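Below: one structure, written as structure tokens.
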There are 4 protein chains.
Amino acid sequence: MKRVIGVIGGRRVSGELLRVAEEVGRLIAERGAVLLCGGLGGVMEAAARGAKASGGLTVGILPQDDRGCANPFIDIPVATGLGMGRNVIIARTGDAFVAIGGEYGTLSEIAFALQLGKPVAGINTWDIEGVMKAESAEEAVRKVVGDFRIED
Amino acid sequence: MKRVIGVIGGRRVSGELLRVAEEVGRLIAERGAVLLCGGLGGVMEAAARGAKASGGLTVGILPQDDRGCANPFIDIPVATGLGMGRNVIIARTGDAFVAIGGEYGTLSEIAFALQLGKPVAGINTWDIEGVMKAESAEEAVRKVVGDFRIED
Amino acid sequence: MKRVIGVIGGRRVSGELLRVAEEVGRLIAERGAVLLCGGLGGVMEAAARGAKASGGLTVGILPQDDRGCANPFIDIPVATGLGMGRNVIIARTGDAFVAIGGEYGTLSEIAFALQLGKPVAGINTWDIEGVMKAESAEEAVRKVVGDFRIED
Amino acid sequence: MKRVIGVIGGRRVSGELLRVAEEVGRLIAERGAVLLCGGLGGVMEAAARGAKASGGLTVGILPQDDRGCANPFIDIPVATGLGMGRNVIIARTGDAFVAIGGEYGTLSEIAFALQLGKPVAGINTWDIEGVMKAESAEEAVRKVVGDFRIED
């Protein structure tokens, strides 16, 4: 089974953080992992775009009950219809997470991931005990995936 | 966006129905659609095996909170942790459904799919108004997908 | 712990069935049980009105994320924000159920309740194996609660 | 409709914090509000015990699918079967919250409540922007409910 790495973060973040998110998505795909996210805009869309640019597979766990709400870089949109309740499914489905910026929604995802004992690297995000701080996309991905390509 | 066809049905069904489920999975993959199911055994596993044998992509929406519970033919397991509450996510995520055998869990999925106005073909399953009866895998898939290959 | 009896059924039903639902609610409260429902209109509101008229306690499990969506006869509205996904919570929370009329949503609740092995009495509703048919409010409540008042 | 005040917090906290939680529950009931919590042990049980001691009404939103898992001070247990996914229902159902101690689960509830724009007072809990720090049960309840009794 392939590794699944979640990228979590806000819909309204700076252009600089969007570039970081895209790079994180690219690095996840290059390591052969599936990119998991919330399927919407901002950090989620940037990470999915980066993963697709490197030929990766992308999964979006949507709050809405309509798959059409996913951003155009999502291969597999899952229409939960649970609103922000879908955050717990993201935490349960990913093996590890990179958090980038983000507001209270991202905080709930970080909390659930840490409650499940999963690794979370954070770039410019909530300063919560258990989150591994990273200064760059490369450092964050290395912290949650390691240096080497994962074979399928 | 690719079409997503859900196969719903029981974990304990006859060998004959398992062969039908595998054929349904094969036909869905041959038409270029993604196979969606509940990710566990019985009809779900048979359909996923059929889809993989034809090079398809398979998604499993699991009741458990651990991706490792998926059957070995699931490419993308989603660990909802919602128990049978995950049935509503299956109904929301699929474009159309084939129901094969099944007990009360399958009945809840049929009910949700019909409530959402989505096509449901049924083989040897609950006799509910709105379900299109089919006698074979081919007839069922034709009823919900049509005769021709879906281009990506 | 008090018994909790769920009343499930459609939002759009005949005046005759609404009168039956109100009577069911009244009888549930008279037996000292809590009335559980989906918190909205139609059968749900009629049953809650009947229970309140007899001094009962009413709980409504809402699809919306706003308690203000509950009908005025609900004492304890629970705002799930899960849409029709809340149906599974109704099935899990009730000890037994009376189904009155209803469409596909009601069918999903019947399915979940039966999957959990809980008694379901039905008045003019889906003809599903396992549902105990009843001709009147009194017969339905007797079938799921018994003849005598439940002491707290 | 009665005000509903949620008390959130850990299952494993010090005796001192349990005494605070019990006092918070008592004050909530004295002000005529419904006490909402996660229905299990620790802070949840202490708060419910305090509310019952003052004649209040208590609601517990359980992770399990069995009402019998509720602590003995819960009047209305709701069996969600969603695991920690039930935290979002607590946040949606309460009007305001008091957080006491707590670990990652409590953090997810704080995050959801703040995302919904609801008041959260915190006693010895996560230091998150938006949480109103309080030093005592009285201060916390005053911050989220006000000084006066709420009339029904």
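All values below were derived from every heavy atom in this structure, side-chain atoms included, with hydrogens, water molecules and symmetry-related copies excluded. To find a chain, count down the sequence lines: A is the first, B the second, and so on, and within it residues start at 1. Quantities reported herein were computed from a predicted structural model and do not represent experimental measurements.
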Ile89(A), part contacting chain D, at a heavy-atom distance under 4.5 Å: neither
Point-to-point distance, once rounded to the nearest 0.5 Å, from CG of Leu114(A) to CG of Leu107(D): 8.0 Å
Pairs of donor and acceptor atoms, chain A with chain D, under 3.5 Å:
residue   : atom : partner   : partner atom : Å
Leu82(A)  : O    : Arg92(D)  : NH2          : 3.1
Arg92(A)  : NH2  : Leu82(D)  : O            : 3.1
Tyr104(A) : OH   : Glu129(D) : O            : 2.6
Gly105(A) : N    : Gln115(D) : OE1          : 3.4
Gln115(A) : OE1  : Gly105(D) : N            : 3.4
Glu129(A) : O    : Tyr104(D) : OH           : 2.5

Chain A contact via Leu116(D) - side chain, backbone, both or neither, heavy atoms under 4.5 Å: side chain
